[in-house]
Amino acid sequence: PHAHLAELRRRGPVVQVDPGGMWLVTRYDEAQQVLKSASLFSSQGLRLTAQPPWLQRVNPFADSLLFLDPPQHGRLRALISRAFTPAALAQLEARLRGVVRRHVADMMDKKHVDFVDAFAMPIPATVMGWLLGLDASLQQHFMRWTHVLVTMNGVQPEGAVEMERQHRTLDEMERYFQGVLDERRSAPRDDMVSDLLRARMDGVALTHHELMSFLFLLLVAGLETTVNLLSQCARVFFQHPELLLRLRKDPTLIPRFVEETLRYEPSVMSTLRLCTQDVTLAGVELPQGALVLVSLASAARDEKYFPDGDRFILEREGPPRLSFGHGAHYCLGAMLSRMEARVALEELVSRVERLELRTEHIDWTTSLIVRGPVTLPVEVFA
Ligand code: HEM
């Protein structure tokens, strides 16, 4: 997609791909401007992907704070920010390291593994399982569920099969989360679900639908994104084996490596907004109701700030990245997923000397919003 995005970036900062269709924001300054102006550019745009008119069923995810505008957005967001404080993260980190070590050892024993299945998926799935208090043996299902949800692009599926799959997934997720809520009601634990059950907004407990929306949001936002980040780190190692050795020698470079991976191959490719009124952006007139697709992947290679953007450069400087968004909806899990990636790579590079891709062809999850490899068959060298 990067060559195509570069071509669109040359056409201008705000371009309409198809006549009458949505607008694409291709450059950094304009992307940042849209994301910080929630009153002009509403997250109702993104909501259309999760609750398109043809779905004929309520999708609880679509009523989560990700898709709401201020001020309602902020009131809901405040209820879960406690789970992401530095103290909470430090506790998770200590617990996570042991789990990561076991996965690294397991990969080294097997030598030939699917990196997604053996490493990139179980790490974030374990963390989300802890945060929400979910059954670890169901990780494959969590992945399947979030996958269906993030690939809902707001485009009506062609066959009845896909539509049926979406409905079945939403049913399954609701049934499972209902069980989790029931369990926590009778036996509260130290997890986010119990916190949410205790939470009050203006003295009133959250409704069933609000609780469900939180669970959908946290699982979906916290899983697929971080899986893709870890998979993309592995892809950088395939392309630049020398970088793995550099990180092995100097693990303090790992956070930089993670940031550059997030720029080079962002897990969240874009986000969508809806113009609440007629607005002029970079000289382009956008009518009220226009859909604006903010390409985070394109902004991350904007020549103005990221020269030679198609190259992975560990020492790269530049303005704050937009990989985790910007403004009111800035990712709540940014520090968490950075921590997960850092711990994962610290343990990986301390034991593994080289990772080689063992396929000519990678299948991609392609959605309007996220992108990542479905599987990555690798050989592990110690
Ligand atoms: C929002 C990216 C991991 C929870 C966002 C947004 C982006 C993003 C771009 C803003 C979307 C928008 O403005 O429309 C990422 C990336 C991740 C990641 C690239 C990993 C590499 C996580 C994790 C969690 C999480 C691990 C939670 C455990 C959230 C939540 C929001 C959000 C709750 C909504 C915030 C709001 O609407 O105020 N994320 N995310 N994310 N993310 Fe993440």
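Numbering of ligands and ligand atoms starts at 1, following listing order.
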Within-shell test, [X] vs ligand 1, heavy atom, strictly < 4.0 Å:
X      : answer
Ser43  : no
Phe84  : yes
His326 : no
Arg273 : yes
Ala83  : no

Just by distance, no angles: are the side chains of [X] and [Y] close enough, under 3.5 Å, to form a donor-acceptor pair?
X      : Y      : answer
Ser267 : Glu224 : no
Gln232 : Asn228 : no
Arg144 : His147 : no

Relative to the heavy atoms of [X], which atoms of ligand 1 are at a distance of less than 4.0 Å?
X      : result
Met128 : 28 (C)
His73  : 36 (C), 37 (O), 38 (O)
Ser267 : 19 (C), 21 (C)
Ala328 : 38 (O)
Leu46  : 14 (O)
Leu65  : 36 (C), 37 (O), 38 (O)
Leu66  : 11 (C), 34 (C), 37 (O)

Could you label the plane-to-plane angle of the Phe312 and Tyr264 rings as parallel, tilted or perpendicular, counting under 30° as parallel and over 60° as perpendicular?
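Ring orientation, 0 to 90° scale: perpendicular.
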Relative to the ring of Phe61, is the ring of Phe67 parallel (under 30°), tilted (30 to 60°) or perpendicular (over 60°)?
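Geometry flag for Phe61 against Phe67: perpendicular rings.
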Does an N or O from Thr271, backbone or side chain, lie closer than 3.5 Å to an N or O of ligand 1?
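Looking only at distances, the answer is yes, because the N/O contact criterion of under 3.5 Å is met.
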Decide whether an N or O pair under 3.5 Å exists between Glu340 and ligand 1.
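Such a contact does not occur with ligand 1.
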Under 4.0 Å from ligand 1, counting heavy atoms only, is it the side chain of Ser323, its backbone, both or neither?
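Just the backbone.
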For Phe41, all residues meeting ring-ring contact (aromatic ring centres under 6.0 Å, His included), sequence neighbours excluded:
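Scan of Phe41 (ring-ring contact (aromatic ring centres under 6.0 Å, His included), adjacent residues dropped) gives none.
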Could you identify the single nearest non-hydrogen protein atom to atom 33 (C) of ligand 1 and state the distance to 0.1 Å?
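Closest protein heavy atom to atom 33 (C) of ligand 1: Leu217 CD2, 3.7 Å.
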Evaluate the side chain to side chain contact (heavy atoms under 4.5 Å, CB included) criterion for residues Ile123 and Leu96: first the C-alpha distance (whole Å), next the side-chain angles of each, then the deciding distance (0.1 Å), finally the verdict.
CA-CA 8 Å; Ile123 292 169; Leu96 183 61; 4.1 Å; yes
Using a cut-off of 2.8 Å, find all protein N, O or S atoms closer to atom 43 (Fe) of ligand 1 than that distance.
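Near atom 43 (Fe) of ligand 1, the protein supplies Cys331 SG.
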So which atom in Leu219 and which in Thr146 form the shortest heavy-atom distance, rounded to 0.1 Å?
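Smallest interatomic distance, heavy atoms only, reads O-CG2, 3.7 Å.
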Heavy-atom pair of closest approach, residues Leu357 and Ile362
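Nearest heavy atoms, Leu357 then Ile362: CD2-CD1, 4.0 Å.
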The criterion is side chain to side chain contact (heavy atoms under 4.5 Å, CB included); which residues satisfy it with His209, sequence neighbours excluded?
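By the side chain to side chain contact (heavy atoms under 4.5 Å, CB included) rule, His209 matches Val58, Pro60, Asp63, Thr207, Ser213.
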Throw together a table of side-chain donor-acceptor distances under 3.5 angstrom for residues 281-295, partners on residues two or more places apart or in other chains.
| from | atom 1 | to | atom 2 | distance (Å) |
| --- | --- | --- | --- | --- |
| Gln288 | NE2 | Thr276 | O | 3.2 |
| Ser295 | OG | Ser298 | N | 3.0 |

Between Glu260 and Arg256 (salt bridge meaning N to carboxylate O under 4.0 Å), is one present in this structure?
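Not counted as a salt bridge, because no side-chain N and carboxylate O are separated by less than 4.0 Å.
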